[in-house]
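Structure first, then comments.
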There are 2 protein chains.
Amino acid sequence: MVKVTVLDKKDAQNCPIRDVLDRVGDKWSILIFCVLEDGAKRFNEIKRALGDITQRVLTSTLRKLETEGYLTREVFPTSPPKVIYELTARGRALLGLMMPVIEWAEMTHAEIKADRAQA
Amino acid sequence: MVKVTVLDKKDAQNCPIRDVLDRVGDKWSILIFCVLEDGAKRFNEIKRALGDITQRVLTSTLRKLETEGYLTREVFPTSPPKVIYELTARGRALLGLMMPVIEWAEMTHAEIKADRAQA
DNA sequence: CAGTATCCAAATTGATACTG
DNA sequence: CAGTATCAATTTGGATACTG
């Protein structure tokens, strides 16, 4: 029984649900978590796995997730450059909690599409 | 180990994660789920609980959630009109799965804010 | 009370070209 | 390879006024 605390515009950062979930509720974050599930990956590996994300958007999403402490970014100053991204304990914790939701989405997907068609 | 299926633009609806989660990943949906957690509520009750949402946005979000089968809308043709919204089994299922995530967000909130400050 | 109707601002995402 | 820099389009959300 979670209390939906404070929801005034000025206080959005004081509502944990808004402050935490809004930042991983964009179009790509959870997908990136899934891609990194089984270990660190390079920038272009992630990009290819996602298929249609642009470089600009991937870069800024990764930076945001790094700032929030969900993943680390390690640069190897070689030529050509190499950068790897890896989930932190916090990132793995959140992904672990999201996993049942993701699995439920996969299960319920067909049913939901059917409902939409009706309306 | 969830497979991040198909991520081409045209096929976004074939990726359950995108197709299901994107639609409850907006600014208000999960919050509305929380408000309706302990039973049906009227339009303005929900509005007051959320504090700063506008009528237009609340209406359209509720309509979307209804179309997706997460809640029902029941109209009482009285004067003044009365409309109540209530979570469906599907809505309760999703909220149940999101609950651990929400609780984790509440727990981790302070820590995350601290990390942000560093960066 | 529970909406619609307009209009508008801001945030998000995308396309494309360029670089150390 | 892993980005930046611009520019443009789209989407989302908000302000305000009006109505059965």
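Chain identifiers are assigned alphabetically (A, B, ...) following the order of the sequence lines, protein sequences preceding nucleic acid strands; residue numbering begins at 1 within each chain. Both backbone and side-chain heavy atoms feed into the values below; hydrogens, waters and symmetry mates do not.
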Fill in the blank from the handout: From CG of A/D26 across to C1' of D/dT12 the rounded distance in Å is 14 Å
Practice task
Quick one: pull up NZ in A/K27 and CD1 in A/I53 and give me the separation to the nearest 0.5 Å.
Solution key: 8.5 Å
Problem - Partner residues of B/R23 under the salt bridge (charged side-chain N to carboxylate O under 4.0 Å, His left out) criterion, sequence neighbours left out - result: B/D19, B/E68
Completion exercise
If each end axis of the helix from C/dC1-D/dG20 to C/dG20-D/dC1 is fitted on five C1' pair positions, the angle between them, to 10 degrees, is 50°
Practice task
Using atom CD1 of B/I53 as one end and atom P of D/dT12 as the other, report the distance to the nearest whole Å.
Solution key: 14 Å
Fill in the blank from the handout: Residue pairs meeting side chain to side chain donor-acceptor pair (under 3.5 Å), one or both in residues 53-62 of chain A, sequence neighbours left out, come to none
Problem - Letter per nucleotide, 5' to 3', of nucleotides 1-10 of chain D [B base touched, S only sugar-phosphate touched, - untouched; heavy atoms, 4.0 Å] - result: BBBB-B----
Handout entry: Spacing of B/K47 atom NZ relative to D/dG13 atom C1', expressed in whole Å
Key = 14 Å
Exercise for the section: Measure the distance from CG on A/L31 to P on C/dT13 and round it to the nearest whole Å. Expected result: 12 Å
Practice task
Heavy atoms only: give me the nearest A/V24-A/S29 pair and the separation to one decimal.
Solution key: O-CB, 3.7 Å
Fill in the blank from the handout: In whole angstroms, the gap separating C1' of C/dT13 from CZ of B/R18 amounts to 11 Å
Exercise for the section: Determine whether A/L50 and A/L58 make a side-chain contact, defined as any pair of heavy atoms from C-beta on separated by less than 4.5 Å. Expected result: yes
Problem - Listed once per pair and sorted, the salt bridge (charged side-chain N to carboxylate O under 4.0 Å, His left out) pairs that draw on residues 71-82 of chain A, sequence neighbours left out - result: none
Exercise for the section: Have a look at B/K27 and say if it touches a base, only the backbone sugar-phosphate, or nothing, with a 4.0 Å heavy-atom cut-off. Expected result: sugar-phosphate
Practice task
Kindly state each residue pair satisfying ring-ring contact (aromatic ring centres under 6.0 Å, His included) with at least one member in residues 66-104 of chain B, sequence neighbours excluded.
Solution key: B/F33-B/Y70
Practice task
Check the distance between C/dT13's P and A/W28's CH2 and give it to me in whole angstrom.
Solution key: 9 Å
Fill in the blank from the handout: One should read off an interatomic distance between A/D38 CG and A/L87 CG, to the nearest 0.5 angstrom, of 9.5 Å
